[in-house]
Every structure is written in structure tokens, then in C-alpha cells.
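Numbers restart at 1 for each chain; the letters A, B, ... are given by sequence-line order, proteins then strands. Just so it is clear, the model here is predicted, and its values are computed rather than measured. Excluded from the calculations below are hydrogen atoms, water molecules and symmetry mates; all remaining heavy atoms, backbone and side chain alike, are included.
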Amino acid sequence: MSAGRTGHAGRAGDAQPVLEVQDLRVELDTPRGTASIVNGLSYSVAPGETVAVVGESGSGKSVSVMALLGLLPAHARVGGRALFRGRDLLAMGEPELRQVRGDGIGMVFQDPMTSLNPVLTVGRQITEGLLAHGRVAGGRQARERAAQLLADVGLPDPRAALGRFPHELSGGMRQRVVIAIALSGDPALLIADEATTALDVTVQAQILELVDGLRAEHGTGVVWITHDLGVVAGTADRVLVLYGGRCVEDGGVDDVFERPAHPYTQGLLGALPQLHDGPGGRRSELVAIAGAPPPPTDLPPGCVFHPRCPVRGDERCALEQPPLVPVALGARPDGTAVPHRAATFHDTAPGTGGAGS
Amino acid sequence: MTGFALRRTLQSVVVLLGVSVAVFALVHLVDGDPVRLALGTRFDQATYDALRERSGLDQPLAVQYAQWISSAVTGDLGVSFRSGDPVTVLILERLPATLSLAGASILVALLIALPLGTVSALRPRSLLDGLGTVVSQVGISVPEFWMGIMLILLFAGTLGWFPASGYVPLSEDPAGWARSLVLPAVTTGLVSGSVLTRFTRSSVLEALGAEHVRTARAKGLGPRAVLNWHVLRNALLPLVTVTGVQLAYLLSGVVVVEIVFAWPGLGQLALQAVQARDYPVLQGAVLLFAFVFLLLNLVVDLLYTKLDPRISA
Amino acid sequence: MSAAGTAAGSAAGAAGAVRVRPPRGRFTSALRLLLSSPRTLFALVVVVGVVLLALLDEQVAPTGYNEVDVAQRLLAPGADHWFGTDDLGRDVLSRVVLGAAVSLQVGAVAVGFSLVCGVTAGLLAGYYGRWLDTVLMRLMDVLFAFPAMLLAIAVIAVLGPGTTNAMIAIGLTYTPVFARVTRAAVLGVKESVYVRASRSVGASDARLLLRHVLPNAAPPIIVQTSVSLAFAVLAEAALSFVGLGTQPPAPSWGRMLSEGRGHLEDAWWMAVFPGLAIVLLVLAFNLLGDGLRDVLDPQQRSALEAARSRSRRARRRGGRS
């Protein structure tokens with residue numbers, strides 16, 4: 001699948017990014033106190049680029065994208081900046097945001113069983129978005145466009161599907177409908193929030209291929225939220241590893257996979273058997289990461305990962321948050337440089353097997 | 001779908017048959033001799049025999065039941081012990097008053113419940129929500145007849161805005177009909193409205209939390225479109241069922257309210273039949289009530305399969 | 001995260017207290033949760049208060065329920081008669097107090113009747129299934145097809161008016177509700193691991209039903225009992241109001257209302273106070289039912305605990321600063 005990633009233009013670093021997130025912070029008041037769910041996340045997405053945001057559940061990855069579109073509960077406090085085509089989404093009012101939702105930015109959610117309204121037809125659920133953004137002149141044209149969209153996402157007999165209800169379609173077909181809805185506004189950015197998690201493996205592969213093809217064709221920037229490293233390896237150009245609401249490591253997907261610098265990333269990769277034959281013999285060190293992520297209401301001081309960290313080689317680990325610093329310069333297939341960064345006090349020399357010794 | 005409809009209808013018919021046996025047994029088995037009860041202590045043998053024969057009570061029970069139920073199917077529910085009028089006629093006379101009251105009550109109930117329940121759910125823990133919760137909680141705890149008396153005390157007595165009791169037929173005086181309806185309809189409407197408010201609130205709250213609402217917002221729909229099509233549309237589906245059940249209850253369960261307002265409806269008829277030991281009328285009225293109750297429940301269930309695409313598959 | 005349950009209240013718990021629950025019995029913790037809600041507390045106070053009134057009846061009532069004094073008739077509420085007097089000169093307060101016993105008695109007996117009949121039917125139908133299930137539940141459907149008030153009236157029409165018959169009539173009306181609730185609960189636990197395990201080691205049916213199935217089906221039944229008590233009190237009042245329940249001169253709230261109805265113009269208190277008494281008791285049973293549901297329903301329960309821990313945390317925070 002990764003072969004498909006080269007078939008488009010506009011990947012070069014000098015293109016203006018579609019999305020530029022700077023120091024994103026999200027706090028939520030919960031019954032157990034204030035939860036710091038996202039703590040200073042920064043990344044950017046170029047046109048036609050796929051950025052994977054990886055983390056365990058509870059790492060803040062879903063919240064970080066919901067915050068962009070103002071889809072969090074009203075009492076969530078969101079800070080930082082998120083420039084979409086140069087305009088700050090976080091500073092927008094609700095009416096402005098509504099223009100962006102479903103038009104400039106399309107979103108695909110995790111569970112196609114629940115993310116479609118069970119009592120409205122598929123056609124209705126596609127056309128209402130088209131009509132709300134004034135992309136079509138009227139009902140008839142909206143249905144034409146909706147049928148076209150369903151054909152684009154590979155739904156057999158799209159015209160008949162317009163009159164169907166979600167429960168009459170299979171999970172994979174439903175997810176295609178959700179993708180069609182997300183694409184209905186020709187978005188510059190597509191956010192897929194665990195979009196394949198609820199599907200079987202074969203359907204997963206089809207959906208990944210579909211999105212990747214659409215990205216290549218339209219030059220759409222894609223943010224792919226997932227906990228599944230297999231998905232990342234197959235589709236992403238760049239990867240961000242999230243832990244405790246912070247980016248602990250980012251870089252080109254090959255760099256990060258082959259030379260993970262952060263103990264957490266190493267642990268994640270260690271839990272993924274087939275990717276194990278890289279140099280350095282990591283396999284023996286971290287088979288799975290013991291423990292669970294810290295609750296966002298009770299983040300530990302120092303490095304968020306240190307309570308679970310098998311290394312903890314530095315006394316600063318428990319005291320201060322390590323900054324995200326470059327570990328190496330990776331090279332992209334087209335020759336541009338992608339910084340590979342990690343937030344750890346640990347010896348970050350890549351390729352040495354980092355962790356342990 | 002048709003299989004379900006058929007099964008559901010059949011089930012209702014079976015239950016209705018059971019109901020008819022129960023109604024019949026209630027009068028004939030427990031008490032033995034309805035005629036003796038109807039006549040009281042002072043009667044002569046000739047009157048007794050005449051009434052017994054006229055009512056077919058000298059036949060074996062099974063025969064009596066067969067006769068009663070087969071004529072009931074054709075709309076003949078027998079003859080009143082007291083007035084000698086056909087029970088069906090007595091019931092039909094009372095129907096307009098009962099229908100007016102039930103219809104107006106459900107209207108009042110929905111007018112209260114839909115806005116109050118929806119707004120409470122949209123602003124949980126707000127002042128209005130708190131108020132709505134308290135009011136509906138008290139509303140379901142108030143005896144309807146007491147509510148009626150209090151409304152009479154205030155609006156008929158002190159303020160004198162509406163008549164305290166009595167029913168004016170629509171055909172005679174539409175304005176008077178409406179005025180006579182206000183207090184009884186508000187009485188039962190407030191109580192039913194409390195039940196429906198609680199239901200609307202929880203139903204809308206549940207719909208608001210559904211993930212497809214997030215999808216709808218992510219599409220860029222405005223708040224009104226999200227509310228109407230992705231929240232209310234889903235939340236109000238189950239409300240159809242509950243409203244149907246409330247209507248069934250209003251058509252058959254407002255006996256005491258009819259007494260308070262001297263409302264010449266079916267409930268009053270049934271109660272008068274009890275007091276006069278007029279068993280054919282009581283039997284007929286109870287059977288009709290149960291029939292209406294079952295019918296409405298059936299209709300609501302079948303309607304629901306039409307409204308909810310998930311079931312009609 | 002401190003997983004230990006012993007750190008309750010210690011300052012160290014503040015940082016890591018995720019779910020600190022003292023290792024007490026299920027019952028005590030449920031009771032404490034129940035009492036933590038002001039609404040439920042109010043309901044319990046009212047119910048206990050009314051029960052006390054009913055038990056003490058003549059010792060707390062200012063006068064006997066039937067002390068007629070025509071010279072004192074239709075007196076407005078005042079220092080001597082807080083709730084006024086009725087058309088026969090009887091003290092309304094005394095009759096309201098004494099009526100509590102009637103209401104509670106009818107309610108308790110009627111609900112006890114439906115509880116025993118309904119739970120038995122539900123247990124048998126749910127546990128044994130097959131034809132027994134079909135027969136019992138169709139029977140319940142038939143009972144359920146009658147509008148409640150009408151069924152009660154019809155039963156009384158046959159049995160004759162009176163307190164005892166009112167109890168039977170009301171009890172019969174709510175039997176199907178208990179049967180359905182019980183049956184659903186039994187079906188839920190019947191196939192659970194522990195019931196299957198007990199069956200596999202040869203426990204008798206009776207033992208299984210009483211020791212394993214019933215206790216686990218109990219929460220919804222308990223909730224239903226409280227709600228049904230509310231209905232029963234309402235139904236008794238309604239029946240007495242139309243003259244089919246408690247007979248004069250016994251003091252019944254419903255009866256008093258129907259007497260008060262004739263004096264709306266000259267003695268509003270005759271209708272107002274008994275009505276308020278009904279509302280208060282019914283409201284208390286309803287709120288108690290809601291509170292029980294919150295505590296016994298695990299989902300609701302965790303929400304409640306979360307709310308409580310929030311207030312505890314707030315208190316602690318306030319104390320420190």
C-alpha cells in the first residue's frame with residue numbers, strides 16, 4: 001500500500017500547510033477534577049500528506065481533533081492555535097466554524113454503526129450537508145451529487161443506496177457512506193478518527209486504500225487518528241506518537257519505525273510482532289508496556305511516561321518534562337528533510353537500539 | 001413486517017378473548033346471581049324470573065358466554081337492567097364526551113411535555129430543568145381528582161373563568177363546548193403531561209448523546225437542523241408509543257375525573273352501573289374499555305414499525 | 001493511582017484517590033448512597049414520618065376521628081383547629097393524621113398482595129419457561145389489558161365496597177407489573193454463570209430460585225414496590241373518593257376529599273388538606289422509587305458516586321486553601 005503514497009504532487013515542504021496546529025491544549029472539568037487531555041500539541045499537515053496520530057486510548061488523540069472543529073462539549077477549554085489555510089479555527093465563532101465543518105474539513109468517525117443516523121436514509125444524510133453548504137442548487141442536483149459521491153467511494157448501485165437506511169448496509173459499506181459524507185465538500189483536509197478500528201481486517205484494508213486513493217487524486221491532507229501501528233505503516237507519511245496528551249515523538253514514518261527514540265514508541269513497536277526485525281534487537285527489551293496511561297486528571301510530574309518507563313535512566317525524568325528535540329534528520333523519498341524528534345532525556349542516538357544500555 | 005403485524009394482532013385477539021372471559025367470569029362466577037344482586041332485597045319471584053329469562057341467565061354458563069360474546073361481536077352488548085335500553089346505545093351516547101376529553105387532554109399534555117421536556121434536556125441542570133423536574137415529579141404524584149377540585153376552586157370559584165362542571169355537546173354550542181372542556185382537560189392533561197415530560201426529557205437527552213449527532217455537526221449543519229433532524233426525530237419516535245399508551249389510559253382511565261366534573265362520559269357510566277348493580281352495562285363498558293386499550297396499544301406498536309426504519313426491515 | 005481501599009479521607013488520597021470505597025457490605029454502602037441524595041432523604045423522612053403518625057395515631061391526633069361537634073362545624077383553620085373543622089364539626093387535622101393509617105394499610109396490603117402473586121408468577125414463568133410461561137404471562141396480559149382504575153372498580157362491583165375489597169382490587173391491578181418485572185429479571189440471571197454452576201452441582205430448583213435467582217432479581221422488584229405503593233395510595237384515595245373504598249365514618253383521605261367537594265365555597269380547607277397529605281405521601285414513594293433506582297442500577301450508581309466524589313474533592317480543596 002505504501003507504494004501509493006508517491007503518486008501526487010505538492011508534498012514538498014515549501015507548500016503552505018493545510019493545517020498547522022500550534023501548542024494545542026484542551027482541558028475538561030470532570031467529576032474527578034480538571035482533566036488536562038491535550039498538553040501543547042504542535043504539528044502541521046501539507047496538502048496530499050497523511051499524518052498519523054498514534055496513541056493508546058486515553059492519550060488525547062481523538063479529543064485533539066474534535067477540538068479543532070469545536071465538537072467538544074461546551075465546557076471544554078481549548079487553547080493554542082490551529083491554522084486551517086491560514087485562518088485560526090480556534091478563534092472562529094460557531095457560524096464560521098460551521099462553514100469549515102463538512103466543507104473545508106471532512107471527518108470520518110470510528111464506528112459506522114453509530115455515526116450515521118439510524119432513522120434517516122443514506123441519501124438524506126449526504127444531501128443535507130451539500131444543501132447546508134450551498135454546494136448544490138436544489139434537491140434533485142443534491143441527489144445527483146450524492147449518488148456520484150457514493151460511486152466515488154465504491155458503493156455498488158449508488159442510486160439505490162440513496163434510499164437505504166444505514167442498518168440495511170454492511171459495516172464497510174456504512175463506513176464508505178461516512179467517507180462520502182466527509183468528502184462531499186471537497187475538503188482540503190480529511191480527519192479520520194479511528195476510521196477502521198471497528199471494521200474487519202479485509203474491510204479495513206479496502207477503506208485504507210480508498211482514502212489513500214482519494215488523497216492522491218485530490219491532494220487532500222489527511223490526519224489519521226489510530227492506535228493501530230499497522231494502519232500507520234501502510235498509509236502515513238509522518239507519524240506523531242501521543243502519550244498523556246503530549247507528542248513524545250514525531251518524524252517520518254520510516255524513521256520512527258526503524259529508529260524509535262522514545263522508550264514509549266519503542267514499547268509500542270515492541271508490541272507489534274511483525275515489525276520487529278529491525279536492527280538493535282529491541283524485541284527482548286519491551287514486549288508489552290506494563291501499566292496503563294495516567295488519568296488526565298492526575299498527570300504525573302516530570303515526563304508523563306516515567307511511571308511506566310522501563311528505562312528511567314535520568315533523575316530529571318521524575319522532575320521535568322523533557323522537550324521535544326531533534327534526534328536525527330530523516331530523508332524523504334523525494335529528498336526533502338523531515339525532522340525526527342523525540343521528548344526524552346534518554347540517550348536518543350538513533351539506530352543504537354536506544355533504550356536500555 | 002407483515003409477519004410481525006399478524007402475530008401482534010393475533011396476540012391482541014387472544015388477550016381480548018381472555019379479557020372477555022374474565023369480564024364474564026367476574027360477574028357470573030364470583031357472585032353467582034347478578035339478577036338477585038341487581039334487584040336487591042325487595043323483589044317478587046315473577047320479576048326475578050322475568051329478568052333472569054330476559055337476560056338469558058337461566059342457561060348454562062358456557063351457553064350464556066357464547067351468546068354474550070357472539071352478540072358482542074355484532075355490536076349487541078345486551079340490555080340495561082335498570083333502564084332497559086340497549087347497552088350499545090348507552091355507550092354510544094357517552095362516547096362524544098369521553099372522546100372530547102381524551103383528545104383535549106392529550107393535546108394539553110403534549111403542549112406541556114414537548115417544549116418543557118426538550119428544553120430541559122437541552123439545558124440539563126439549568127433553572128428551567130430543575131423547575132421542570134420538580135413540577136413533573138409533583139405532577140405524577142397528584143391525584144387527578146384533587147387537581148380537578150383545586151382547579152375548580154380557583155378558576156371556577158374564585159376567578160369564575162370557567163364552568164365548574166358539566167359538558168356542553170359540540171353540536172349544540174361549540175364555544176360552550178370548548179369552555180366546558182378547559183378545566184377537565186387541563187386536569188388530566190397536567191398529569192399525563194408530567195409523565196410525558198419526564199419521558200421526553202430522558203429521550204432527548206439520550207438522543208443528544210448519540211454519535212450520529214456529532215457526525216451531523218461535523219457536516220456543518222446548523223443547530224436547528226441538528227436538533228430537528230438528528231435529535232428530535234430520533235427522540236420522538238419512542239414518544240409515539242408512550243403517547244399512545246397515555247391516550248389509551250385517558251380514554252379509559254379517567255373515571256374519577258369524570259365524576260369530579262360531572263362529565264357524562266364512559267367512566268361515569270361504568271361507575272353508575274356499579275352503583276346500580278347494572279351488570280350488563282358494567283360488562284359492556286369494561287369490555288369496551290379493554291378493547292379500546294388493546295386496540296390503541298396494537299395500533300401504536302404497528303405504527304412504530306412504520307415510523308422506525310430499523311424495525312420495518 | 002492508589003488502589004487500596006483504606007486510604008479514605010487521608011490527605012495522601014487527594015492526589016490518587018480514584019475510587020476509594022471502604023470495604024463494607026453492599027447493603028451499607030447502598031444505604032449511604034441512598035441517603036446522600038437530598039431528594040431521597042426527604043422522601044425517607046416523609047415516609048418514616050407518616051408511618052410514625054399511623055402507628056401513634058390516636059396519641060398524636062388532637063381529637064378522635066369521629067368526635068362530632070355540630071356547634072364547631074365548618075370552622076376555618078385557626079389556633080384550636082389548625083386545619084379547620086368539617087361539616088360535622090370534626091377536626092380535619094385529626095382526621096388527616098388518622099387517615100394516614102388507612103392509606104398506608106391499604107397501600108401496604110395491596111402491594112404485598114401484588115408482590116406475592118406477581119413475583120411468584122414471574123419467578124415460575126421466567127424460570128420454568130415453556131407452557132407455564134405462556135399460560136401465566138397471557139393471564140397477566142389479560143389483567144394488564146384492563147385500565148387499572150376500571151379493573152379495581154369492576155372487582156369492587158362484584159365483591160362489594162369496603163377497605164378489604166379495595167385492597168384486593170388494587171393488589172390485583174398491579175400483579176401483572178410485578179410478574180413482568182420479575183420475569184424479565186429472572187430471564188436475565190437464569191443463564192448467568194453462577195446459576196448454571198449451582199445447577200450443575202445439583203442444587204434444587206427451590207433452593208436456586210430462593211437463594212440465587214430471587215436476590216439477583218430483587219433490585220427492580222424493590223424499585224417497583226416503592227413506585228407501586230405510590231400508585232396504591234392514589235388508587236385507594238380514588239376508590240374512596242367515589243365511595244367504593246373505605247366506608248364512613250372511618251377517616252380516609254379520598255373520602256374526606258369527596259366530602260370536601262360539597263363545601264368548596266364555604267370550607268376550602270376540607271378539600272385542600274387531605275389532598276396535600278395524599279400528594280406528600282405519593283410524592284415521597286415516587287421519589288424513594290427514583291432514589292432506589294439510582295442506587296440499585298449500577299450505571300446510575302457510578303454516576304452518583306462520581307458526583308459525590310466531586311463534592312468531597314471540592315470540600316477538601318476548600319479546606320486546604
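Nearest heavy atoms, B:Lys219 versus A:Gln125: NZ-O, 2.8 Å. Closest approach of A:His133 to B:Gly220, counting heavy atoms only: NE2-CA, 3.8 Å. Listed here is the closest heavy atom pair of B:His230 and A:Glu128: NE2-OE2, 2.5 Å. Heavy atoms only, all atoms of each residue included: A:Leu71 and B:Ala218 are closest at CD1-CB, 3.9 Å.
A:Ser115 places no side-chain N or O within donor-acceptor distance of the main-chain N or O of B:Thr215, the cut-off being under 3.5 Å.
For B:Ala210, no part lies near chain A; criterion is any non-hydrogen pair under 4.5 Å. For a residue to count as touching a neighbouring chain, one of its non-hydrogen atoms must lie under 4.5 Å from one of that chain's; by this rule A:Met113 does not touch chain B.
Between B:His212 and the options A:Leu120, A:Asn117, A:Val119, a side chain to side chain contact (heavy atoms under 4.5 Å, CB included) holds for only A:Asn117.
Around the CD atom of B:Glu206, the shell of radius 6.0 Å holds no more than 12 heavy atoms that belong to other residues, nucleotides or ligands. More than 12 heavy atoms of other residues, nucleotides or ligands sit less than 6.0 Å from atom CZ of A:Arg77. For A:Tyr43, the OH atom sits in a packed shell: over 12 heavy atoms of surrounding residues, nucleotides or ligands are nearer than 6.0 Å.
One distance of note links CZ of B:Arg214 with CZ of A:Phe109; it measures 4.5 Å at 0.5 Å rounding. Atom CZ of B:Arg217 is separated from atom CE of A:Met66 by 8.5 Å, given to the nearest 0.5 angstrom.
The greatest number of non-hydrogen atom pairs below 4.5 Å with chain A, out of B:Ala225, B:Ala216, B:Pro223, is found for B:Pro223.
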